[in-house]
Structure formats: structure tokens, C-alpha cells
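Below, chain A is the first sequence line, B the second, and so on; all start at residue 1. Predicted, not measured: the structure shown is a model, and the values here were computed from it.
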Amino acid sequence: MVASARILRHTEIARGIFDLRFFSPDAARTATPGQFVHIRVSDSFDFVLRRPLSVCRVDPSEGSVTVVYRVQGAGTRRLATMAAGAQLDVLGPLGQGFPLHAGDVRAVLVGGGVGVPPLVELAARLAAQGTAVTSVVGFQTRAQAILQDELALYGDVRTTTDDGSLGLRGLVTGVLTQGFVDGANRYYACGPTPMLQAVQRTMAGLQVPGYLSLEERMGCGFGICVGCVHPIERDGRVQNLKTCKDGPVFPAGEVLFT
Amino acid sequence: MTPLPANDVDLRVQLLSLMLKNPVMPASGCFSFGREVARFYDLGLLGAIVVKATTLTERMGNPTPRVAETPAGMLNAIGLQNPGVERVLEEELPHLAKYDNLPVIVNVAGTAVEDYVEVVRRLGDSPLVAAIELNISCPNVKCGGIQFGTDRGMAAEMVAAVKEAATQPVIVKLSPNVADIGDMAQACEEAGADALSLINTLVGMRIDIDRRTPLLANGTGGLSGPAILPVAVRMVYEVAARVRIPVIGVGGVASGRDAVEFLQAGAVAVQVGTANFTDPFACPRIIEEVRDWCAASGVSRVADLIAAANPAALRLRKERAL
Ligand SMILES: Cc1cc2nc3c(=O)[nH]c(=O)nc-3n(C[C@H](O)[C@H](O)[C@H](O)COP(=O)(O)OP(=O)(O)OC[C@H]3O[C@@H](n4cnc5c(N)ncnc54)[C@H](O)[C@@H]3O)c2cc1C
Ligand SMILES: Cc1cc2nc3c(=O)[nH]c(=O)nc-3n(C[C@H](O)[C@H](O)[C@H](O)COP(=O)(O)O)c2cc1C
């Protein structure tokens with residue numbers, strides 16, 4: 001659950017976006033797609049909060065877990081300075097990941113920016129159980145596009161960019177038409193809140209059920225501070241559930257946006 | 001002083017009628033009701049446990065973002081989200097019964113004196129509750145909470161009313177957002193408080209300069225973490241020299257040395273808040289660090305450290321013992 005994990009590899013895969021692989025056999029064995037790890041970026045108390053990063057890949061035989069993150073602010077900037085061989089303080093895997101439904105024939109995966117990483121392990125597991133996978137991934141611009149090759153191992157990938165520098169110009173929802181989702185039993189989405197909101201609306205209109213992985217600012221990461229809640233309509237009432245412990249993945253139909 | 005074997009250090013401290021096995025307990029709101037942390041270690045290691053603020057009825061809390069990081073600290077504006085006292089008694093506290101000698105301190109909040117009194121009355125029937133911590137210092141709710149803790153008269157009225165209803169000892173948790181903390185402490189003591197804990201968070205704000213708006217949805221939030229330690233130590237030092245009732249030190253404790261600092265300032269015990277988020281094992285680690293510090297410094301009884309750096313507080317302590 002809490003480990004001092006050796007960094008196996010740490011490389012910049014796109015401008016300001018890093019692929020970080022660390023050795024954590026327990027996490028590699030138990031993590032499910034959509035779960036996250038909570039990483040301490042410094043051993044002093046200068047940064048009192050850990051940083052949540054989604055599990056992108058696990059390799060149980062190597063005992064490794066990979067996360068892919070964008071340098072955003074001071075904490076991830078600090079993380080980016082840590083070299084292979086260094087020890088990393090990792091808490092996790094945490095949270096509830098994407099539920100897999102064994103009978104599903106086809107699933108649509110939708111990711112935006114650094115919401116794409118958790119979809120890679122998800123695509124792998126879906127493909128392994130025989131579900132056909134189609135991914136739609138959106139980025140601001142070509143230089144920030146990541147992980148399409150990895151997703152392409154498991155099915156078709158459509159890419160959109162805000163500026164049209166790669167794939168289709170526009171938002172991921174532009175791709176999500178009746179024809180496109182034909183035969184899909186389910187969708188899985190992870191990305192910035194406005195994207196999740198648009199995807200939820202579009203897919204509800206197309207009558208495809210699915211799951212959203214929510215992004216809220218987190219404190220502890222395991223349920224004790226009640227910082228990262230999101231309104232969820234469950235059991236006939238609206239509840240502020242903890243995205244770190246009850247989520248980050250919730251059934252799309254339960255998620256309320258204000 | 002000559003170093004001692006670590007096992008020879010007596011970590012026990014007396015808090016009112018409770019003999020705590022060590023002076024370290026988690027702070028309210030930074031440990032929920034203990035269930036999550038129980039997956040990491042045996043809660044029986046703790047000196048005591050202080051659970052999340054409990055109100056009369058369920059509270060949804062504030063909108064998000066509720067937390068923001070700051071240099072060596074954080075802001076929070078949770079807004080007292082909790083299931084209400086009935087469900088706290090039925091669902092949240094019973095699992096704590098299985099720990100031997102783990103005093104459970106329930107933090108109580110509300111918006112009106114009658115609410116506080118009613119919560120305290122209901123807790124009074126529970127044999128599991130060892131003490132009440134009266135939260136008159138929450139900066140994150142629109143009415144109530146902090147307004148009781150920043151007005152001498154209101155604080156005294158609240159404490160007196162709650163004391164009348166309480167069957168357990170009442171610890172009053174003070175706000176640092178006042179001009180004269182010693183005066184507030186004295187007002188609470190005179191109104192019948194059995195003990196004091198300090199400090200709650202300092203009101204602060206961060207602005208998201210790209211979006212040109214306060215970062216927290218609530219606007220302001222409470223500052224906690226190592227950044228506030230010197231403020232808390234100063235206030236404990238001042239209060240311990242002013243009142244005869246025991247003082248619990250809270251604010252930025254992240255190491256055994258920090259805990260020892262509060263004890264020497266005059267606290268009989270410490271609470272650990274934000275450090276639990278950085279390091280889920282903070283409390284047991286701090287207990288061991290206190291033990292090791294004492295052993296290395298030749299201190300055989302941790303209780304001997306209390307007020308060691310605060311002569312006026314030490315004098316009061318000795319008078320009380322007579
Ligand atoms: C469940 C979950 C999974 C995530 N997975 C990934 C991932 O796989 N790859 C990736 O690049 N990013 C991911 N993020 C976002 C990532 O956690 C933030 O970008 C990161 O914490 C920013 O830290 P910082 O120190 O660079 O920024 P700062 O702005 O310095 O951070 C200050 C504080 O705000 C929080 N914060 C800032 N931005 C965000 C944000 N967008 N979401 C949540 N918290 C934020 C930080 O955690 C920190 O507590 C995830 C977020 C969540 C909640
Ligand atoms: C997320 C969070 C929630 C808190 N909730 C409560 C609460 O419910 N009741 C209370 O009295 N204090 C609450 N506090 C204040 C702490 O108990 C403590 O007084 C304060 O954080 C200073 O200690 P620290 O620096 O060790 O965190 C909360 C603090 C934080 C960070």
C-alpha cells in the first residue's frame with residue numbers, strides 16, 4: 001500500500017509530458033485500470049500534499065507500474081527532476097477503477113489530454129476479455145498528443161486536436177455520433193471536467209451507458225480529509241462522495257455537474 | 001544527560017482523568033473516524049483518537065475545490081461534511097470499541113448553542129466517548145463555528161451551556177484568529193472548560209492568478225501544516241502560562257521533535273493533523289521519534305518535558321499538582 005519504489009525509467013515522451021516507471025510488485029499485481037497512485041514529490045514537508053497520478057500500465061512480471069504525467073505546477077516540476085534509480089514514496093493503488101463487463105461486445109474509450117493514460121491499461125484488459133475497443137482521444141495540439149500508438153495495439157484510435165494540427169479539428173464529442181457508437185455496450189471516459197460533462201451529455205443522448213473518471217483536487221487520497229468530493233446521485237439522493245475512495249470512477253448516470 | 005535504552009522511556013501522560021499511553025493523537029478532520037487509517041496500522045498505538053466534527057444533522061459541506069496547497073501547508077474549506085450525530089453514533093464510532101485503552105474524543109460543531117448542547121447530550125449516553133472537543137473555531141462555515149470562538153462572551157456562554165449538558169469532560173478547541181488568545185482561554189476556563197486544545201486553522205486565501213479568482217470555491221480556507229507550527233507554539237506557550245486547565249498543542253506537528261517542542265511549551269499532549277495526509281503513518285512514526293528523542297536525551301518520563309521551556313506554565317502546573 002505504501003512503498004518506497006525505485007524508479008526504473010523516467011523519460012519525456014512529449015513536450016513537458018513524462019513517462020515514469022517504478023518498481024512496485026504489489027501495486028503491479030493488484031492495480032486495476034482507473035485506479036491511481038498518490039506520489040510524494042519530496043521527503044521534506046515543503047509539499048504537504050501528494051500528487052494523484054493514474055495507473056497507465058502495469059507489468060506484473062517485471063513488477064512495474066507506469067504513470068504518464070504532464071508537468072503542471074511546482075509538484076510535478078519537482079517530480080520531473082527525479083532520475084531513474086532514485087526511490088519514490090508511492091501510496092496505492094487507490095480508489096475504484098473502471099468496472100469491466102465480461103459480456104460486452106464493444107466499448108468506446110474517450111480521453112482528453114492527461115486523462116488518456118488510464119485508458120491504456122483499460123484497453124488492454126478489455127481487449128483481453130474479447131471486447132472490441134475503439135478509442136477517441138483529444139489534445140490541445142500535436143505536440144501534446146500521447147499514447148495513441150499504445151492504444152492502437154488494442155483497436156482503432158481517432159484523434160482530435162483543438163487546433164487541427166493532428167487528426168480532426170475540434171473536440172472529442174465531434175466524433176461521438178450515432179453511427180460511431182453503433183453496437184457499443186458501454187463507454188469509459190477520463191479527462192478534464194468540461195470534456196466529461198460534454199461526453200456525458202452526448203452519450204446519454206445516444207443511449208450508451210458508461211463511466212466517468214473524475215478529477216478533483218485531492219488531499220489525503222484515501223478518504224480521511226473529505227477534500228475531493230463530487231456530487232453523486234445514488235440511492236435516490238445526492239451525496240458528496242469522495243473521488244479518492246468511492247471514485248475516481250463513477251457510473252456516468254450518477255454524476256452531477258453544476 | 002546520559003542516553004537511555006528506548007524501552008525505558010515512559011511515554012504516558014495524564015489528560016484529565018485519562019492516562020494516555022503516549023501524548024500523540026490525530027487531530028479532528030484529519031483522520032475521519034479512523035476506519036481508513038486502520039488499514040495502515042493498529043489504532044491501538046495512538047494515545048487517543050479525535051474524530052471528525054459532528055453536527056446535529058447531516059451536513060453536505062462546501063463545494064469544491066476544498067483544498068489547496070500552500071508553502072509547507074495547505075488551505076481547507078471542507079465545511080464540516082459529516083453524517084450527523086445519530087449516524088456517527090450508529091455507524092462511525094462502534095468499530096473503535098475493539099481497541100483497548102484508546103480514548104475516543106468526539107469533536108462537536110454546529111451553528112447555534114442549542115445544536116451543540118443537543119449533540120453533546122446525545123453523545124453523553126455513549127460509553128465509547130471519553131471526552132468532547134468543542135469546535136468553536138471552524139473558519140469554514142457561514143454562521144456559527146468560529147463566531148463563537150472569536151467573541152469572549154459567546155464563547156463563555158457556549159461553554160457554560162455545553163458543560164451543563166455534558167457527562168464527559170469538555171475540551172474547548174480555540175481559534176487562533178483572535179487578538180488575544182490568552183483572554184479567550186481564560187474566558188473558557190472560567191466558564192467551566194475542563195481542558196483546551198489549540199490551535200484550529202488560520203483563515204487564509206489563495207488566488208488562481210490565471211483564472212483571476214480565489215482558488216477555493218469557498219473563497220477563504222483554514223491554513224494548517226508545518227507553516228503554522230510557530231504560531232501554534234507561541235499560543236500554547238502563552239495559554240499554558242495563563243490557565244490552570246490542561247492544554248493540548250495542535251498545529252504543524254510532523255515529527256517527534258515538533259511534539260517535544262509543544263510539550264516543552266506547556267502542552268500535555270499533541271494532535272497531528274495535516275501530516276497524516278503527507279504520511280499516513282505520521283502518528284506512529286511521531287510516537288517512536290518522541291521515544292527515541294527522549295532516550296537519546298536521557299529523559300525517562302515524557303511527562304517531565306511538559307512546560308520544561310515555560311517557567312510560568314511550570315509554576316502553574318506545580319500549583320495544580322499540590
Ligand atoms: C484521480 C486523478 C488522477 C490523475 N491522473 C493524472 C495522470 O495520469 N496524469 C497527469 O498528468 N495528471 C493526472 N492528474 C492530475 C494531476 O494530479 C495534477 O496535474 C497534479 O497533481 C498537479 O500537481 P502540480 O504540483 O504540478 O500542480 P500545482 O498546481 O502546484 O498543485 C497544487 C495542488 O493542486 C492539485 N492540483 C493541481 N491541478 C490539479 C488537477 N488538474 N487535478 C487534480 N489536482 C490538481 C495538486 O495535486 C496539488 O495538491 C490526476 C488527477 C486526479 C485527481
Ligand atoms: C482537511 C481538514 C479538516 C479539518 N476538520 C476539522 C474539524 O472537523 N474540526 C476541528 O476542530 N478541526 C478541524 N481541522 C483542524 C485540525 O484539527 C487542526 O486544528 C489544524 O489542521 C492544525 O493542525 P495541523 O497543522 O497538524 O493540521 C481540520 C483541518 C484540516 C486540514
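- A 4.5 Å side-chain heavy-atom check between Ile224(A) and Phe33(B) finds every atom pair outside the cut-off.
- Within the 4.5 Å cutoff, the side chain of Met60(B) has heavy atoms near those of the Val238(A) side chain.
- Ranked by heavy-atom pairs shorter than 4.5 Å toward chain A, the options Pro226(B), Gly252(B), Pro65(B) are led by Pro226(B).
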N/O donor-acceptor pairs between chain B and chain A, cut-off 3.5 Å:
from      : atom 1 : to        : atom 2 : distance (Å)
Ser32(B)  : N      : Ile224(A) : O      : 3.4
Glu36(B)  : OE2    : Lys245(A) : NZ     : 2.7
Met60(B)  : O      : Asn240(A) : ND2    : 2.7
Thr64(B)  : OG1    : Glu216(A) : OE1    : 2.9
Thr64(B)  : OG1    : Glu216(A) : OE2    : 3.4
Arg66(B)  : NH1    : Val226(A) : O      : 2.8
Glu69(B)  : OE1    : Arg51(A)  : NH1    : 3.2
Glu69(B)  : OE1    : Arg51(A)  : NH2    : 2.6
Glu69(B)  : OE2    : Val48(A)  : N      : 3.1
Glu69(B)  : OE2    : Leu49(A)  : N      : 2.9
Glu69(B)  : OE2    : Arg51(A)  : NH1    : 3.2
Ala72(B)  : N      : Asp46(A)  : O      : 3.0
Gln81(B)  : NE2    : Asn240(A) : O      : 2.9
Thr278(B) : O      : Arg50(A)  : NE     : 2.9
Thr278(B) : O      : Arg50(A)  : NH2    : 3.0
Thr278(B) : OG1    : Val48(A)  : O      : 2.7

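- With a 4.5 Å cut-off on non-hydrogen atoms, Leu215(B) touches chain A through its side chain but not through its backbone.
- Highest contact tally toward chain A, considering only Gly225(B), Gly273(B), Pro63(B), Ala254(B), is held by Ala254(B) [criterion: heavy-atom pairs under 4.5 Å].
- The greatest number of non-hydrogen atom pairs below 4.5 Å with chain A, out of Cys30(B), Ala227(B), Gly73(B), Ala72(B), is found for Ala72(B).
- To the nearest 0.5 angstrom, Leu91(A) atom CG is 4.5 Å from Phe40(B) atom CZ.
- For Leu171(A), the CG atom counts as loosely surrounded, since its 6.0 Å shell holds 12 or fewer non-hydrogen atoms of other residues, nucleotides or ligands.
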For the pair Phe45(A) and Leu229(B), evaluate side chain to side chain contact (heavy atoms under 4.5 Å, CB included) and give the outcome as yes or no after the intermediate values. CA-CA 12 Å; Phe45(A) 280 82; Leu229(B) 179 126; over 6 Å; no
